[in-house]
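As structure tokens, the structure follows; a few thoughts come after it.
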Amino acid sequence: MDEQALLGLNPNADSDFRQRALAYFEQLKISPDAWQVCAEALAQRTYSDDHIKFFCFQVLEHQVKYKYSELTTVQQQLIRETLISWLQAQMLNPQPEKTFIRNKAAQVFALLFVTEYLTRWPKFFFDILSVVDLNPRGVDLYLRILMAIDSELVDRDVVHTSEEARRNTLIKDTMREQCIPNLVESWYQILQNYQYTNSEVTCQCLEVVGAYVSWIDLSLIANDRFINMLLGHMSIEVLREEACDCLFEIVNKGMDPVDKMKLVESLCQVLQSAGFFSIDQEEDVDFLARFSKLVNGMGQSLIVSWTKLIKNGDIKNAQEALQAIETKVALMLQLLIHEDDDISSNIIGFCYDYLHILKQLPVLSDQQKANVEAIMLAVMKKLTYDEEYNFENEGEDEAMFVEYRKQLKLLLDRLAQVSPELLLASVRRVFSSTLQNWQTTRFMEVEVAIRLLYMLAEALPVSHGAHFSGDVSKASALQDMMRTLVTSGVSSYQHTSVTLEFFETVVRYEKFFTVEPQHIPCVLMAFLDHRGLRHSSAKVRSRTAYLFSRFVKSLNKQMNPFIEDILNRIQDLLELSPPENGYQSLLSSDDQLFIYETAGVLIVNSEYPAERKQALMRNLLTPLMEKFKILLEKLMLAQDEERQASLADCLNHAVGFASRTSKAFSNKQTVKQCGCSEVYLDCLQTFLPALSCPLQKDILRSGVRTFLHRMIICLEEEVLPFIPSASEHMLKDCEAKDLQEFIPLINQITAKFKTQVSPFLQQMFMPLLHAIFEVLLRPAEENDQSAALEKQMLRRSYFAFLQTVTGSGMSEVIANQGAENVERVLVTVIQGAVEYPDPIAQKTCFIILSKLVELWGGKDGPVGFADFVYKHIVPACFLAPLKQTFDLADAQTVLALSECAVTLKTIHLKRGPECVQYLQQEYLPSLQVAPEIIQEFCQALQQPDAKVFKNYLKVFFQRAKP
């Protein structure tokens, strides 16, 4: 071996050595006999360095995994002998190998096992057991090998080919017949031998039993001697967590519902008499979390049995199963209410399924009603934040609690399905008593009371948030709670969680304010003062900005009396904070977007006359325009790149804010009615000069482009005079990404204005194409993934542009570009259809070709187009699907093939018998298609139903491909 290269295996080696070691590893993998050197080194224990041993196993692993079939019988025998002699050496080693080496060795054994067991090494397990016997080091390796074999055979996370899956099934069947009873016996001996002396080996063995129990005969494990031993382990502190998991796997195994019920019940009796159901006596939360998972498994197994028995009509046994379930509910509740969330979380599945049973029963007993109420109280209690929750800096623990809360929410929703009246009454009771004394109540209790009201909206669903009409008792209960919420003064509570919950709930139940509009002013004040948009916490300010815009939008009819007051109060929040003065504004620019949108909505939906609306809109937008001009001048002069970037950011925000105000308009009509067209045209004139700024092009162009998109909707043809010069600037020295983002703008204009923009399109068609081709032809590094992806996306955009032009009835834009250019464009479409393995682009190309054939393919089409159809379009329809990369199992590719079929149908429609004759006599014979298949193809093409031909074409190409 190359000793120098081996030095690089040490994690502390410098990078040159590490590179050399990697290269050496690749070299050994390719070499036909390097593995023998590694095998010898392992068998003779040549190296003491752990990293080199690991390396040797890696080389062997590669050999077994990828090149085993290339070896001779003698060489394969050598690998087997090497592993066995390595295993024998482990028995005598004074020190065991490091865990990572043992695991890697186990993986190699497992790979060899799945390759050899059915053919050359049926005595695999007997050979290994005869070496290891009960030697603790040997047993450790034997158990690791068993776990590695299990993950090769049954691990759900490993993707297997159908061939491997068949092989694995065969291996498991053979193992069940030939060796599983012996393996189970060996596990029993290991457990009995080591349960009091070696907890590590015992736990490993329990893990093996738990893994194998899912696919071996259960009676080998679920019998008195094994179960009694496992129950004994439940009382040994170092073993009980693994024993618990092992019992869980036994309980989880699929089996006959009555047998499963008996198994679970007998287990429960023993556990109960051994005192395991007395949860309050137990202090070890790690064990209780596993125990909770076991109880959950037992509960859910019984529920599955009940469901099967009901389905089979076995009422007597179903009754018994239900009885068994009911006797576990008290234990389930103890675990659900446990202060440790992991313990509680592990039992939620059983709880959820139990409620599902109750939902199906025609009538509930008093005990069942009491159970529902107990679950409800538990959920309410467990939803509460604890003292340790860090609201300012949420970490992993906080994220886990948020996830746990989501699980509890599902329970609450299920409770609502079982007994909506009870849920409503319980929430109302908690809510009212808490809000009566909110000043003296801890924040977490106030938060959860409001949270419960918030959650009722989803738990008791109605259409379109109509919680305050329909069912009178429900509506009045919710109305009472909402009234209490907004009049109690709880919005002043000094804790962010309560403040946020208040605003979330107010917005969720916005329909309440249409019923009792008198409460709107006090809620608006809460939004606008130190409780909301001016709160000391940035998190609250940010969320409130979004919620405020939702509140105003949903209640715009009720806002009229307050508009001017709101606009005055938010004036300072609209300020564009310039980069230089270090002034920290209250809201981030993203939050300000919501405030601008809100201002726009208030003005547009007001009942003011048009000139008042226009004046207010001017007041809103003029400061942005003035600031924009000043900042653009500063940017032109700025030297320092960091300063340029921050100025460009600020300019971009100004454009973004103006764009956002226009969201209040749905179309040109509303802009005209409000008399606001002029203001937005002024904005356009102010913003467009930014396109000619040579600095920070990306960010400025993207902002102005977005604004143009909005203005095309709001101002329609009034925008058109601005488009040519804007396009010219945007096409100057641009990158793939610029073009990709510019093309949708042109598509929007083309699709919207059609022939109105024909002269403009004809003029800019070739400049745009030149810009696109120039970027596509730029050389890029061979393995530069992002450049390749950018080009692919640009190609798609280019074809989408051609599709829009042809689809909007504007083919004359292409036709008028001169014969040479027209041909160049058509050739790119043919290339797109055939040469690039991108089904999305191919589909678009076939749509373009169909459209052009439809428009130009008749007798009066452009000169030479008929020739082009036969020379290029017809062949494209065959060459594309015949490519290896054209995968007919892929959904996108099937769509592309479907458009290919449309293209052929359209050619036939336009050219008639001439097309059939060409296919029959010239084209298909040139592809060596058999005469009878040609006949069949032409018949399918002439079918009037297009679908018949589409289906035929797929079969045609499936047959044609090797």
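Everything numeric in this text was worked out from a predicted model, so none of it was measured.
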Quiz item: Is there a donor-acceptor pair closer than 3.5 Å between any side-chain N or O of Ser273 and the backbone N or O of Gln269?
Solution: yes

Practice problem: Could you tell me whether Glu504 and Arg508 have a side-chain N and a carboxylate O separated by less than 4.0 Å? | Solution: no

Quiz item: Taking everything shown except Glu200 itself, do over 12 heavy atoms lie less than 6.0 Å from its CD?
Solution: no

Quiz prompt | Quiz item: cation-pi between Arg405 and Tyr385, 6.0 Å / 45° | solution = yes

Self-check item: Chi angles and distances behind the side-chain contact (heavy atoms from CB on, under 4.5 Å) call for Met376, Val372
Solution: CA-CA 6 Å; Met376 204 167 299; Val372 172; 4.0 Å; yes

Quiz item: Any idea how Phe512 and His519 line up, ring-wise: parallel (<30°), tilted (30 to 60°), or perpendicular (>60°)?
Solution: parallel

Quiz item: With a 4.0 Å cut-off, would you call Lys308 and Asp256 a salt bridge?
Solution: no

Quiz prompt | Phe391 and His495 aromatic ring geometry - parallel, tilted or perpendicular at 30°/60° bounds | solution = perpendicular

Practice problem: Compare all side-chain heavy atoms of Cys351 with those of Leu411 and state whether any distance is below 4.5 angstrom. | Solution: yes

Quiz item: If you measure from the Lys or Arg side-chain nitrogens to the Asp or Glu carboxylate oxygens, is any gap between Lys474 and Glu421 under 4.0 Å?
Solution: no

Practice problem: Could you go through the side chain to side chain donor-acceptor pair (under 3.5 Å) check for Glu326 and Tyr354 one step at a time? | Solution: CA-CA 9 Å; Glu326 293 287 357; Tyr354 173 64; 2.8 Å; yes

Quiz item: Is the side chain of Tyr493 donor-acceptor paired with the backbone N or O of Phe443 at a distance under 3.5 Å, no angle test?
Solution: yes

Self-check item: Side-chain donor-acceptor contact under 3.5 Å, Ser345 with Gln407
Solution: yes

Quiz item: Picking from Asp340, Asn346, Ile347, Ile348, what satisfies side-chain contact (heavy atoms from CB on, under 4.5 Å) with Leu335?
Solution: Ile347

Quiz item: Hey, is the main chain of Leu453 close enough, under 3.5 Å, to the side chain of Tyr509 for a donor-acceptor pair?
Solution: yes

Quiz item: Should we say atom CD of Gln518 is surrounded by more than 12 heavy atoms from elsewhere, each under 6.0 Å from it?
Solution: yes

Quiz item: If you take all heavy atoms of Pro461 and Ala459, which pair is closest and at what distance?
Solution: CD-O, 3.1 Å

Self-check item: Electrostatic pair Glu458:Lys409 at N-O distance under 4.0 angstrom
Solution: yes

Quiz item: Is there a side-chain contact (heavy atoms from CB on, under 4.5 Å) between Arg290 and Asp342 once you walk through the steps?
Solution: CA-CA 9 Å; Arg290 306 279 182 111; Asp342 288 337; over 6 Å; no

Self-check item: Trp438 side chain to Ser488 backbone, donor-acceptor under 3.5 Å
Solution: yes

Exercise. Calculate, to the nearest 0.5 Å, the distance between atoms CG and CG belonging to Leu524 and Asp565 respectively.
Key: 8.5 Å

Quiz item: Got a second to check how far Leu336's CG is from Leu331's CG, nearest 0.5 Å?
Solution: 11.0 Å

Quiz prompt | Close aromatic pair by centroid cut-off 6.0 Å: Phe594 and Phe548 | solution = no

Quiz prompt | Heavy atoms of other groups near Gln494 CD, more than 12 under 6.0 Å | solution = no

Quiz item: Parallel under 30°, tilted from 30 to 60°, perpendicular over 60°: which one fits the rings of Tyr389 and Phe401?
Solution: perpendicular

Exercise. Any chance you could measure Tyr212, atom OH, to Met147, atom CE, to the nearest 0.5 Å?
Key: 8.0 Å

Practice problem: Please examine the side chains of Met229 and Gln195, heavy atoms only from C-beta on, and report whether any two atoms are closer than 4.5 Å. | Solution: yes

Self-check item: Donor-acceptor contact below 3.5 Å, side chain Arg531 vs main chain Ser492
Solution: no

Self-check item: Any Val515 side-chain heavy atom under 4.5 Å of Met482 side chain
Solution: no

Quiz prompt | Derivation and outcome, side chain to side chain donor-acceptor pair (under 3.5 Å), residues Glu445 and Thr384 | solution = CA-CA 7 Å; Glu445 287 163 31; Thr384 313; over 6 Å; no

Quiz item: When you measure from the side chain of Ser301 to the backbone N and O of Val251, does any donor-acceptor pair fall under 3.5 Å?
Solution: yes

Quiz prompt | Main-chain N/O of Val213 paired with Lys253 side-chain donor or acceptor, under 3.5 Å | solution = yes

Practice problem: Verify the distance criterion only: is there a donor paired with an acceptor across the side chains of Ser588 and Asp591 at less than 3.5 Å? | Solution: yes

Quiz item: Can a salt bridge be assigned to the pair Lys539 and Glu392 using a cut-off of 4.0 Å between side-chain N and carboxylate O?
Solution: no

Quiz item: So do Met559 and Asn605 actually touch side chain to side chain, heavy atoms under 4.5 Å?
Solution: no

Quiz item: Asp413 and Gln417: side-chain donor and acceptor closer than 3.5 Å?
Solution: no

Quiz item: Measuring from Gln592:CD to Ile570:CD1, what's the distance to the nearest 0.5 Å?
Solution: 10.5 Å

Quiz prompt | Results of salt bridge (Lys or Arg N to Asp or Glu O under 4.0 Å) for Lys406 - residues two or more places apart only | solution = Glu403

Exercise. Start with the C-alpha gap between Arg534 and Asp529, add the side-chain angles, then the distance that decides, and say whether side-chain contact (heavy atoms from CB on, under 4.5 Å) holds.
Key: CA-CA 5 Å; Arg534 289 179 172 72; Asp529 63 20; 5.8 Å; no

Self-check item: Heavy-atom side-chain proximity of Thr202 to Glu242 below 4.5 angstrom
Solution: no

Quiz item: Checking ring pair (Phe, Tyr, Trp, His ring centres under 6.0 Å) for the pair Phe551/Phe513: CA distance, chi angles, key distance, verdict?
Solution: CA-CA 10 Å; Phe551 187 72; Phe513 298 96; 5.3 Å; yes

Self-check item: Other residues, nucleotides, ligands: >12 heavy atoms within 6.0 Å of Tyr196 OH
Solution: no

Quiz item: Looking at Glu373, Gln368, Gln367, Lys369, which hits side-chain hydrogen bond (donor to acceptor under 3.5 Å, both in side chains) with Asn371?
Solution: Gln367

Quiz item: Do Gln319 and Leu309 come within less than 4.5 Å of each other through their side chains, counting heavy atoms only?
Solution: no

Self-check item: Asn556 side chain to Val552 backbone, donor-acceptor under 3.5 Å
Solution: no

Practice problem: Answer yes or no for Lys511 and Phe468: cation-pi contact, defined as NZ/CZ to six-membered ring centre under 6.0 Å and angle to ring axis within 45°. | Solution: no

Quiz item: Can you tell me how far the CE atom of Met400 sits from the CG atom of Asp341, to the nearest 0.5 Å?
Solution: 8.5 Å

Self-check item: Between CZ on residue Arg429 and CG on residue Leu452, distance to nearest 0.5 Å
Solution: 11.5 Å

Exercise. Please check if the side chain of Lys328 supplies one atom and the backbone of Ala324 the other of a donor-acceptor pair under 3.5 Å.
Key: yes

Exercise. Applying side-chain contact (heavy atoms from CB on, under 4.5 Å), run through Leu533 and Leu586 and close with a yes or a no.
Key: CA-CA 8 Å; Leu533 293 168; Leu586 279 172; over 6 Å; no

Quiz item: Passes side chain to side chain donor-acceptor pair (under 3.5 Å), Trp306 versus Asn317? Steps please.
Solution: CA-CA 8 Å; Trp306 177 83; Asn317 279 315; over 6 Å; no

Quiz item: Taking the side chain as C-beta and beyond, is there a heavy-atom pair between Ile566 and Arg569 under 4.5 Å?
Solution: no

Exercise. State, to 0.1 Å, how close Gly297 and Phe248 come at their nearest heavy-atom pair, and which atoms those are.
Key: CA-CE1, 3.8 Å

Quiz item: Just by distance, do the side chain of Glu398 and the backbone of Asn390 share a donor-acceptor pair under 3.5 Å?
Solution: yes

